[in-house]
Amino acid sequence: MDSSTPPAEHTLSPYAGGLHIGNSLSRQKEQFTPFNAPYVGMYVCGPTVYSNVHLGNVRTFLTFDVVYRYLLHLGYKVRYVRNITDVGHLTGDTDDGEDKIGKKARLENIEPMEVVQRYTNDFHDVMRVFHILPPSIEPTATGHIVEQIGMIARIIENGFGYEANGSVYFDVRKYAESHNYGELSGRRIDELQNQTRALDGQDEKRDPLDFALWKKADSSHLMHWPSPWSEGFPGWHLECSVMSTKYLGKSFDIHGGGMDLKFPHHECEIAQNMGAHGPEQPVRYWIHGNMLTVNGRKMSKSEGNGFTPEELITGNHKLLEKGYSPMTVRFFMLQGHYAGTLDFSNPALQAAEKGLERLMSAWGLLEELAPVEGGEPQPDLVALRDRAYAAMNDDFNTPVLIAVLYDAVKVINSVASGRMGMDAAGIDALRALFQDFAHDILGLDHEASDGDASTDRADGLMEVLCALRNEAKTNKDWATADLIRDQLAARGVQIKDGKDGTSWTFD
RNA sequence: GGUCUGGUGGCCGAGUGGCUAGGCUCAGCUCUGCAAAAGCUGCUACAGCGGUUCGAAUCCGCUCCAGACCUCCA
């Protein structure tokens, strides 16, 4: 970051041009062409911080973490905005228009912002555990009330919003005269018409399809702000329109979120943006991550079939046979494509655990491989790398990328066991492959091996034990050799005898 | 009812017209003092019924089944 460096000649990876993204708006895979390369703007709908994050959230944010990581790897300068929703949204169980966070606060008799802070902290902790990178900007809804009021005013000015009793609603019918409301989710306005339901403020609306931009607060509301229309709070969909526009512009490259936000949330976002700023599509590529299911059912708070990340890690939940490490979970999720549903089950998780172990141990071996120069035919590592890029370029196909890595695992194991010789260039290529794709892009890492002092010491001790055991083996003292091996195994250390020496892994 | 997604081998999960996905499990073999690890080999599937095609898991139609969304939800 030397400021004297001349700006730029920013070089994109030659693979950047090959990236194709499954665009929910067109329902097709499209070549990725940013508005203003090498800059890329990406907005992802973040969590509502009124309770702990659950695994479904994690999956969505993991999906976009990999998107973010890959774009960075390709050389893009990405501004990644992921909001924190800390106001407003109706409660599910009542129709009184109550503020979710306000309700929770009253229940627990604490300040709303205390609730927000607590669960924001929890959210950040969980993201860190799963190696999900922080976004470039993490704006909050409460921090953008002024901008939200401004956007409402513009929408009213443009004739797409109206005030009623201190609340402001978006006029969907009016908007639909000149715009294609429903284009993202494939809905037609006339069909939506039939499905009305009882909701607060319904009588204030000109049409049941209209949605709130601003809601007047009643006395029970703890979170409210002054506005030209009333003391109240912003509507459910507004913050994302406002914050994406503020930080990424009226038109930007990528907007992501969970499938369940497609309608009405994202549809309304589009309507608000176009209603406020004019005819251009606000988003070029919409990406929707699919749901996480448990026993074939969507994991959700109301179903009661969700477990928290902590429960998953500790195994302390009735649906879990045991705990699974964060990297196992991350790897498991990456073994499915983001656009499909992914079903959580114990056997599937355990398979991922073992698979990851094999991947990791080969990756670890990579550091110790000794090059053999000359002669032997080398596997085509360039082709391997090409396949890795091809996988990611095909709509971030991480399962296929992982399959490529397993091909590399076979090569590594063959070299490590002396069945195959490899020159230094080949070994470097393999190391680069894992560094780039397993570490940087998939965000995988060796978990407990941070190279801290205690690990170093444990390694030293292990070397002593292995030396003793090999001594015993040389003397054909099998009893002693097996004693060492079994005792270590009982303490979670696995001994692996190879052609040239003994290695070990910790549980 | 409407919109949409999906039904792939023992399990998970890629694959959109012809060529091995991959992981896990299981069986056999190699290696090994034994075991583990590793390697090799095998188990070769595409909901059903029609249609298009020289050829379909892949395209079209219908049927069945599952799930999501249509109400806050990643």
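Counting only heavy atoms from C-beta on, A:F263 has its side chain closest to B:C70 among B:C73, B:C70, B:U25. Here B:G13 is the nucleotide among B:G13, B:G33, B:A74 with the atom lying nearest to any side-chain atom of A:L342. The side chain of A:D482 lies closest to B:G33, out of B:C11, B:G33, B:A14.
Between A:D407 and A:K410, none of the side-chain N atoms (NZ, or NE/NH1/NH2) sits under 4.0 Å from a carboxylate O, so this pair counts as no salt bridge. A salt bridge is defined here as a Lys NZ or Arg NE, NH1 or NH2 lying under 4.0 Å from an Asp or Glu carboxylate O, and A:K29 with A:D395 fails to meet this definition. A salt bridge links A:R385 with A:D436: the closest approach of a Lys/Arg side-chain nitrogen to an acidic carboxylate oxygen falls below 4.0 angstrom. Under a 4.0 Å N-O distance rule, the pair A:E353/A:K322 qualifies as a salt bridge. Salt bridge absent: A:D477 and A:R469 never bring a charged side-chain N and a carboxylate O closer than 4.0 Å.
The base of B:C69 sits within donor-acceptor range of the side chain of A:R187, with an N or O pair under 3.5 Å. Taking only distance into account, the side chain of A:R358 never meets the base of B:C24 through a donor-acceptor pair shorter than 3.5 Å.
A:K354 comes within 4.0 angstrom of sugar-phosphate atoms only, judged by non-hydrogen atoms across all strands, and of no base. If you check every strand for non-hydrogen atoms under 4.0 Å, A:G340 touches nothing. A:L292 comes within 4.0 angstrom of a base, heavy atoms only. Residue A:G289 is classed as having no contact, given no heavy-atom separation below 4.0 Å to the nucleic acid. Contact annotation for A:H337: backbone-only contact, meaning every heavy-atom pair under 4.0 Å involves sugar-phosphate atoms and none involves a base.
The base-pairing partner of B:U52, taking Watson-Crick or G-U wobble contacts with both distances under 3.5 Å, does not exist among the strands shown. Under the Watson-Crick or G-U wobble criterion, with both distances below 3.5 Å, B:A68 is paired with B:U3. Under the Watson-Crick or G-U wobble criterion, with both distances below 3.5 Å, B:C40 is paired with B:G28.
Look at the C1' atom in both B:G55 and B:G51: the space between them is 15 Å, to the nearest Å. On the C1' atoms, B:G13 is 16 Å away from B:U20, given to the nearest whole Å. Separating the C1' atom of B:C62 from that of B:A74 is a span of 35 Å, rounded to the nearest Å. Comparing the same atom, P, in B:G2 and in B:G10 gives a spacing of 36 Å after rounding to whole Å. Taking atom P on both nucleotides, B:G23 is separated from B:A37 by 15 Å, rounded to a whole Å. B:A45 sits 14 Å from B:U8 when the P atoms are compared, rounded to a whole Å. Taking atom P on both nucleotides, B:C19 is separated from B:C4 by 32 Å, rounded to a whole Å. On the C1' atoms, B:A14 is 12 Å away from B:C46, given to the nearest whole Å.
Stacking is found between A:W478 and the pyrimidine-like six-membered ring of the B:G33 base under the 5.5 Å centre-distance and 30° plane-angle cut-offs.
Straight-line distance from the CG atom of A:L184 to the P atom of B:C69: 16 Å, rounded to whole Å. In this entry the distance linking CZ of A:R485 with P of B:G33 reads 12 Å, nearest Å. Distance, A:Y50 OH to B:C72 C1': 6 Å, rounded to whole Å.
The side chain of A:R419 contributes no N or O atom lying less than 4.0 Å from OP1 or OP2 of B:A38. OP1 or OP2 of B:A38 has not a single side-chain nitrogen or oxygen of A:K410 nearer than 4.0 Å. Considering only side-chain N and O atoms, A:N413 lies under 4.0 angstrom from the phosphate OP1 or OP2 of B:G39. Remark: A:N397 is in phosphate contact with B:G15, judged by side-chain N or O atoms under 4.0 Å from OP1 or OP2.
Remark: of the listed residues A:L312, A:L320, A:T293, A:L312 is the sole one forming a side-chain contact (heavy atoms from CB on, under 4.5 Å) with A:F344.
If A:G355 and A:C45 are placed on RNA chain B by their nearest nucleotide, the residue sitting closer to the 5' end is A:G355.
Side-chain N/O atoms of A:T63 and A:D65 include no donor and acceptor closer than 3.5 Å.
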